[in-house]
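Every value quoted in this text rests on a predicted model; they were computed, and no experiment measured them.
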Amino acid sequence: MPRSVNNVASRAKRKSILKLTRGYFGARKNVWTVAKNTWEKGLTYAYRDRRNKKRNFRALWIQRINAAARQEGMSYSVFMGNLAKAGIEINRKVLADLAMNNPEAFKAIVEKVK
């Protein structure tokens with residue numbers, strides 16, 4: 001009896017992964033083993049960087065708030081401390097947005113916490 005290998009499913013699986021590696025450089029796009037390894041490694045990078053993205057954005061917001069607070073004569077740490085003491089619960093994302101796009105509203109918040 002001949003050996004059954006289910007070539008249809010094997011080819012479909014390879015084809016789907018090779019389709020995902022389209023646009024990669026050199027053998028990474030068309031050599032099965034290289035393409036599979038590259039694709040799998042890409043998934044691990046994607047998983048890792050979905051978490052890093054959150055860190056990077058928080059760091060960006062802090063830098064923006066710090067720059068805006070310093071223009072009003074206050075450091076970031078003092079500003080955030082006073083914000084907590086005043087009982088104003090605005091997150092860093094919103095504060096950074098106000099600092100960038102609505103400086104007069106940010107200035108009003110700084111005046112409130114001084």
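Considering all non-hydrogen atoms of both residues, Ala69 and Phe106 come closest at N-CE2, 3.7 Å. The two atoms that bring Lys36 and Ile17 nearest to each other are CA-CG2, 4.2 Å, heavy atoms only. Minimum heavy-atom separation, Arg92 to Tyr76: NE-OH, 2.8 Å.
Side-chain N or O atoms of Asn37 include one that pairs as donor or acceptor with a backbone N or O of Thr33 at under 3.5 Å. In terms of modelled atom types and a separation under 3.5 Å, the side chain of Asn91 and the main chain of Val94 share a donor-acceptor contact.
One finds the CZ atom of Arg64 at 12.0 Å from the NZ atom of Lys93 (value rounded to the nearest 0.5 Å). Interatomic distance, Glu40 CD to Thr21 OG1, rounded to the nearest 0.5 Å: 12.0 Å. Atom CG of residue Leu98 and atom CD1 of residue Ile65 lie 9.0 Å apart, to the nearest 0.5 angstrom. Here the CG-OG1 distance, from Leu20 to Thr38, works out to 12.0 Å after rounding to the nearest 0.5 Å.
No more than 12 heavy atoms of other residues, nucleotides or ligands sit less than 6.0 Å from atom CZ of Arg11. Around the NZ atom of Lys114, the shell of radius 6.0 Å holds more than 12 heavy atoms that belong to other residues, nucleotides or ligands.
Within the 4.5 Å cutoff, the side chain of Asn82 has heavy atoms near those of the Met74 side chain.
The cationic atom of Arg50 (NZ for Lys, CZ for Arg) does not lie both less than 6.0 Å from the six-membered ring centre of Tyr47 and within 45° of the ring axis.
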